[in-house]
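Following: one structure in structure tokens, then a few remarks.
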Amino acid sequence: MARQRAFDREAALEIALREFWRHGYEATSIAELTAAMGIRPPSLYAAFGDKRRLFEEAVRRYQETYGAFTTRALAEEPTGRGAIERVLREAAAEYASPEHPTGCLVITAAVNCGPESAEVEELLRGFREEAKAAIRRRIDGDVAAGRLPADTDTAGLATFYAAVIQGMSTQSRDGACHADLLRVATLAMSAWPSEI
């Protein structure tokens with residue numbers, strides 16, 4: 001008969017997610033993770049594999065919970081402009097929320113990684129590139145629908161809005177409040193091309 005784990009795996013994953021979010025991948029040690037989760041290293045390895053696999057699972061959980069606002073906004077809004085404006089406004093609220101660490105895990109967790117963490121950097125870069133591609137698809141949709149001029153630089157505009165989102169994450173980590181980030185969102189939308 002298998003022995004039951006003495007901890008709640010979902011609760012432990014949530015704690016690990018917040019530790020990675022707060023400190024980044026490389027700066028979060030196994031000792032810090034196990035202390036925060038209230039488990040011993042063998043339990044962590046038995047439940048999650050290793051630190052990298054735990055991190056990947058934490059990132060997936062983040063994308064399905066705290067970071068899901070982006071996917072929802074891009075899918076639910078009827079226009080690209082509306083979708084991107086909603087992403088920026090919801091990012092302002094999420095990134096500055098006092099209920100969890102500030103900023104975006106996907107943007108900040110691998111900022112200062114060494115060569116041994118190249119796969120983690122690549123994982124997060126992939127998520128950021130996919131988000132930028134999704135933004136571009138919504139802008140392309142507005143061009144195709146005739147809401148924006150045919151010669152709109154959709155790649156440049158998508159990169160601009162991805163950079164704004166990344167900057168908002170950094171600003172929140174530096175202490176910018178919700179109102180500060182909303183001002184950034186409003187100013188960023190003033191860069192939207194004139195609609196036809």
Side-chain angles (χ1 to χ4, degrees), residues 17-18 20-25 59-113 120-196:
L17 183 162
R18 287 172 179 254
F20 287 129
W21 192 353
R22 190 173 290 111
H23 304 294
Y25 174 76
V59 170
R60 280 194 302 276
R61 181 184 182 99
Y62 176 87
Q63 293 287 75
E64 294 165 0
T65 56
Y66 305 101
F69 70 90
T70 300
T71 305
R72 279 194 308 269
L74 291 174
E76 293 172 0
E77 292 299 316
T79 66
R81 186 187 197 292
I84 292 162
E85 184 170 18
R86 178 173 159 191
V87 167
L88 293 174
R89 291 186 170 284
E90 292 187 13
E94 271 299 315
Y95 293 172
S97 173
E99 296 180 12
H100 51 65
T102 56
C104 171
L105 172 71
V106 173
I107 293 169
T108 62
V111 172
N112 293 317
C113 284
V120 169
E121 287 181 306
E122 188 58 38
L123 170 75
L124 297 180
R125 185 180 303 113
F127 281 121
R128 292 191 300 269
E129 287 299 316
E130 175 48 39
K132 183 168 61 174
I135 289 169
R136 183 176 182 183
R137 287 191 294 273
R138 291 309 315 264
I139 298 168
D140 286 337
D142 276 10
V143 171
R147 287 186 284 270
L148 289 174
D151 63 351
T152 298
D153 179 4
T154 61
L157 204 54
T159 299
F160 169 76
Y161 284 110
V164 169
I165 292 164
Q166 290 170 8
M168 289 171 69
S169 174
T170 300
Q171 287 294 305
S172 71
R173 301 218 15 134
D174 286 347
C177 68
H178 182 211
D180 296 333
L181 297 179
L182 275 179
R183 283 196 294 276
V184 172
T186 300
L187 286 168
M189 289 313 298
S190 69
W192 190 262
S194 298
E195 299 194 0
I196 297 173

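Owing to the predicted nature of the structure, the values given are computational and were not obtained by experimental measurement.
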(message) I'd like to know whether Glu129 forms a salt bridge (charged side-chain N to carboxylate O under 4.0 Å, His left out) with Arg125, so could you lay out the CA-CA distance, the side-chain angles of the two residues, the decisive distance to 0.1 Å, and finally the verdict.
(response) CA-CA 6 Å; Glu129 287 299 316; Arg125 185 180 303 113; over 6 Å; no
(message) Checking the side chain of Asp142 only, and the main-chain atoms of Gly80 only, is there a donor and an acceptor separated by less than 3.5 Å?
(response) yes
(message) Please check this pair: side chain of Thr152 against backbone of Leu148, looking for a donor-acceptor N/O pair closer than 3.5 Å.
(response)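 Checked: no pair found.
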(message) Tyr62: which residues meet the ring pair (Phe, Tyr, Trp, His ring centres under 6.0 Å) condition with it, sequence neighbours left out?
(response)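 Expected list: Trp21.
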(request) Answer yes or no: is there a side-chain heavy-atom contact under 4.5 Å between Ile165 and Ile107? (result)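 Of all side-chain heavy-atom pairs linking Ile107 with Ile165, at least one is under 4.5 Å.
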Can you see which heavy atom on [X] is nearest to which on [Y], and at what distance?
X	Y	answer
Ala96	Ala176	CB-O, 4.0 Å
Ala110	Val120	CB-CG1, 4.2 Å
Arg128	Val106	NH1-O, 2.8 Å
Leu157	Pro193	CD2-CD, 3.6 Å
Leu124	Leu105	CD1-O, 4.4 Å
Arg138	Thr79	NH2-C, 3.1 Å

(message) I need the Phe127 CZ to Glu122 CD distance, nearest 0.5 Å.
(response) 11.5 Å
(request) Look at Arg89 together with Glu85 and state whether they make a salt bridge at an N to O cut-off of under 4.0 Å. (result)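 Looking at Glu85 together with Arg89, the answer is yes, because their closest N to O distance falls below 4.0 Å.
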(message) Using side chain to side chain contact (heavy atoms under 4.5 Å, CB included), reason through Met189 and Ile84 one step at a time and then give a plain yes or no.
(response) CA-CA 8 Å; Met189 289 313 298; Ile84 292 162; 4.2 Å; yes
(message) Going by side chain to side chain donor-acceptor pair (under 3.5 Å), name the pairs with one or both residues in residues 94-110, residues two or more places apart or in two chains.
(response)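 Checked against side chain to side chain donor-acceptor pair (under 3.5 Å) - neighbours excluded - the pairs reaching residues 94-110 are Glu94-His100.
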(request) Can you run down the side chain to side chain donor-acceptor pair (under 3.5 Å) pairs that involve residues 161-184, sequence neighbours left out, and say none if there aren't any? (result)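 Matches after skipping sequence neighbours: Asp180-Arg183.
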Contacts of [X] that satisfy side-chain contact (heavy atoms from CB on, under 4.5 Å) - sequence neighbours left out:
X	answer
Arg86	Arg72, Ala73, Glu76, Glu77, Glu90
Arg22	Arg18, Glu19, Pro101
Ala158	Lys132, Ile135, Arg136, Ile139

